[in-house]
Amino acid sequence: MSVQEARERERERDIDEDAIPFAIAGDQAPLKLDQFLPYQLQVVSTLMSQALSRVYARRYRLGIPEWRVLVVLGQFGWMNGKAICAHTHMHKTKVSRAVSILERRKLIARRANRADMRESLVSLTPAGRTIYDELAPHAIAFSRRLTESLTPSDRDAFQRALKQLTDRSAQLVAEAIEEDDRVEEP
């Protein structure tokens, strides 16, 4: 064995011994990322978005924000930016970018809101409606494939739990905003 090989083995042994306290600490850590519900939901969401994007990204060249805006407009028709933000749970800058991209591609049209001239309303163009109508059955089929491993009662329980978690999350956001407002008051 060469001197260099001996030194490498010694370094590997030192690294392994140094890692032992961290491994033990990891087992006893109070917060474990892979068992943390917000993280678990984010992982599932990311994986689902990546898989679903295969349905619309290649064929229609849509990103996730553009897809969400297109679908919400397909569902509700004419909307302002605030309503799109509320329905998609996306930040206004992300919605604005998505709207601009869709408008440049002539998939949505913009018009002034007669009730409030400071804002505009957007809606799908015939080309945007065509994409929505083509995408909808694929997205619905994807959703079915995603949940086909669950029994009907598990699907129902999951839907109830998801609604409860969504409602509770909205409540926690509202409480945090209230608390922030109280802290900012003189």
Side-chain angles (χ1 to χ4, degrees), residues 19 21-53 55-57 62-103 108 110-124 132 135-136 139-140 142-143 146-147 149-150 153-186:
F22 293 109
I24 292 169
D27 290 341
Q28 297 170 353
L31 178 62
K32 296 174 181 74
L33 191 59
D34 62 344
Q35 296 171 8
F36 185 56
L37 181 62
Y39 174 77
Q40 292 170 325
L41 292 172
Q42 181 59 45
V43 168
V44 169
S45 174
T46 299
L47 291 171
M48 285 188 297
S49 289
Q50 288 172 352
L52 179 59
S53 74
V55 172
Y56 55 79
L62 295 171
I64 293 169
E66 294 81 30
W67 180 80
R68 288 181 184 172
V69 170
L70 187 110
V71 170
V72 81
L73 290 173
Q75 180 182 357
F76 295 106
W78 289 99
M79 298 179 81
N80 64 23
K82 232 181 230 182
I84 295 171
C85 289
H87 285 284
T88 62
H89 295 277
M90 292 191 304
H91 191 270
K92 62 185 175 182
T93 56
K94 198 170 267 199
V95 167
S96 178
R97 260 187 244 121
V99 165
S100 293
I101 290 168
L102 294 170
E103 189 174 27
I108 63 171
R110 186 186 304 254
R111 72 171 164 95
N113 181 358
R114 290 186 201 125
D116 184 349
M117 296 305 278
R118 294 171 295 173
E119 70 179 8
S120 59
L121 300 171
V122 293
S123 181
L124 296 178
Y132 173 81
L135 271 174
I140 293 165
F142 175 83
S143 183
L146 188 62
T147 60
S149 64
L150 302 175
S153 63
D154 283 346
R155 273 190 291 262
D156 293 342
F158 178 72
Q159 286 299 322
R160 283 192 308 278
L162 197 55
K163 181 173 181 350
Q164 290 169 338
L165 289 170
T166 301
D167 292 348
R168 180 63 177 144
S169 295
Q171 183 182 24
L172 292 173
V173 167
E175 288 173 10
I177 290 170
E178 252 181 55
E179 188 175 308
D180 288 349
D181 289 347
R182 279 195 303 270
V183 169
E184 289 177 9
E185 290 177 1

Undergrad: Minimum heavy-atom separation for L135 and Y56, please, with both atom names.
TA: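 Closest heavy-atom pair between L135 and Y56: CD2-CB, 3.5 Å.
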Undergrad: I'd like to know if the side chain of Q40 reaches the main chain of D34, judged simply by a donor and an acceptor atom lying under 3.5 Å from each other, with no hydrogens or angles considered.
TA: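 Side chain of Q40 to backbone of D34, a donor-acceptor pair under 3.5 Å: yes, one is there.
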Undergrad: If you measure from NE2 on H87 to CD on Q75, what distance do you get to the nearest 0.5 Å?
TA: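 The CD atom of Q75 is 7.5 Å from NE2 of H87, to the nearest 0.5 Å.
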Undergrad: Grab the two heavy atoms, one from G77 and one from S123, that are nearest each other, plus how far apart they are.
TA: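 G77 and S123 have their closest heavy atoms at C-OG, 4.2 Å.
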Undergrad: Testing the basics here: between N80 and A83, what is the closest heavy-atom pair and its distance to 0.1 Å?
TA: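 That would be OD1-N, 2.7 Å.
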Undergrad: How long is the gap from CZ on R182 to CD1 on I177, to the nearest 0.5 Å?
TA: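 R182 atom CZ to I177 atom CD1 measures 12.0 Å (nearest 0.5 Å).
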Undergrad: I want to check something: taking the side chain as every heavy atom from C-beta on, are L121 and M79 in contact at a cut-off of under 4.5 Å?
TA: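 The answer is no; the side chains never approach within 4.5 Å.
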Undergrad: Nearest 0.5 Å please: distance from the CD atom of E178 over to the CG atom of D180.
TA: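 Here the interatomic distance stands at 10.5 Å.
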Undergrad: Between the side chain of S49 and the main-chain N/O of T46, is any donor-acceptor distance below 3.5 Å?
TA: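 Side chain of S49 to backbone of T46: no pair is present.
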Undergrad: If you measure from CD on E66 to NZ on K94, what distance do you get to the nearest 0.5 Å?
TA: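 Reported to 0.5 Å precision, the distance equals 9.5 Å.
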Undergrad: Taking T166 for its side chain and L162 for its backbone only, find out whether a donor-acceptor pair lies under 3.5 Å.
TA: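 Side chain of T166 to backbone of L162, a donor-acceptor pair under 3.5 Å: yes, one is there.
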Undergrad: State whether the side chain of S100 and the backbone N or O of S96 hold a donor-acceptor pair below 3.5 Å, judged by distance alone.
TA: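 Checking the backbone N and O of S96 against the side chain of S100, a donor-acceptor pair under 3.5 Å is found.
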Undergrad: Can you tell if the side chain of Q164 reaches within under 4.5 Å of the side chain of R168, non-hydrogen atoms only?
TA: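 Answer no - side chains too far apart.
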Undergrad: Is there a side-chain contact between W78 and R111, using heavy atoms and a 4.5 Å cut-off?
TA: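 Heavy-atom side-chain distance check passes, below 4.5 Å.
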Undergrad: List in chain and number order the residues that pass side-chain hydrogen bond (donor to acceptor under 3.5 Å, both in side chains) with E103, two or more places apart in sequence or in another chain; answer none if no residue qualifies.
TA: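 Scan of E103 (side-chain hydrogen bond (donor to acceptor under 3.5 Å, both in side chains), adjacent residues dropped) gives R110.
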Undergrad: Do you know which two heavy atoms are closest between T147 and R155, and how far apart they sit?
TA: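 In this case the closest contact between T147 and R155 is O-NH1, 2.9 Å.
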Undergrad: Could you walk me through whether L37 and L165 pass side-chain contact (heavy atoms from CB on, under 4.5 Å), step by step?
TA: CA-CA 10 Å; L37 181 62; L165 289 170; 4.1 Å; yes
Undergrad: Measuring only between side-chain heavy atoms, which start at C-beta, is L102 closer than 4.5 Å to L124?
TA: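 Side-chain contact under 4.5 Å: no.
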Undergrad: Which residues pass the side-chain hydrogen bond (donor to acceptor under 3.5 Å, both in side chains) test with T93, not counting sequence neighbours?
TA: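 So T93 forms a side-chain hydrogen bond (donor to acceptor under 3.5 Å, both in side chains) with H91.
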Undergrad: Taking all non-hydrogen atoms of both residues into account, name the closest pair between V95 and C85 and its distance.
TA: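 Closest heavy-atom pair between V95 and C85: CG2-SG, 3.7 Å.
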Undergrad: Other residues, nucleotides and ligands only: do more than 12 of their heavy atoms fall within 6.0 Å of CZ on F76?
TA: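 More than 12 heavy atoms, drawn from other residues, nucleotides or ligands, come within 6.0 Å of this atom.
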Undergrad: To the nearest 0.5 Å, how far apart are CE in M48 and CG in L41?
TA: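 Result: 8.5 Å between the selected atoms.
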Undergrad: The criterion is side-chain hydrogen bond (donor to acceptor under 3.5 Å, both in side chains); which residues satisfy it with S149, sequence neighbours excluded?
TA: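 Scan of S149 (side-chain hydrogen bond (donor to acceptor under 3.5 Å, both in side chains), adjacent residues dropped) gives none.
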Undergrad: Do the side chains of L62 and I101 get nearer than 4.5 Å, heavy atoms only?
TA: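 Answer no - side chains too far apart.
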Undergrad: Quick one: does Y39's side chain get under 4.5 Å of V43's, heavy atoms only?
TA: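 Of all side-chain heavy-atom pairs linking V43 with Y39, at least one is under 4.5 Å.
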Undergrad: Any side-chain heavy atom of W67 within less than 4.5 Å of one from T88?
TA: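 Counting from C-beta outward, W67 and T88 never come under 4.5 Å.
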Undergrad: With a 4.5 Å cut-off on side-chain heavy atoms, are M90 and V69 touching?
TA: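 SC-SC contact between V69 and M90 confirmed.
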Undergrad: Does the Q159 side chain pair with the main chain of D156, one donor and one acceptor, at a distance under 3.5 Å?
TA: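 Checked: no pair found.
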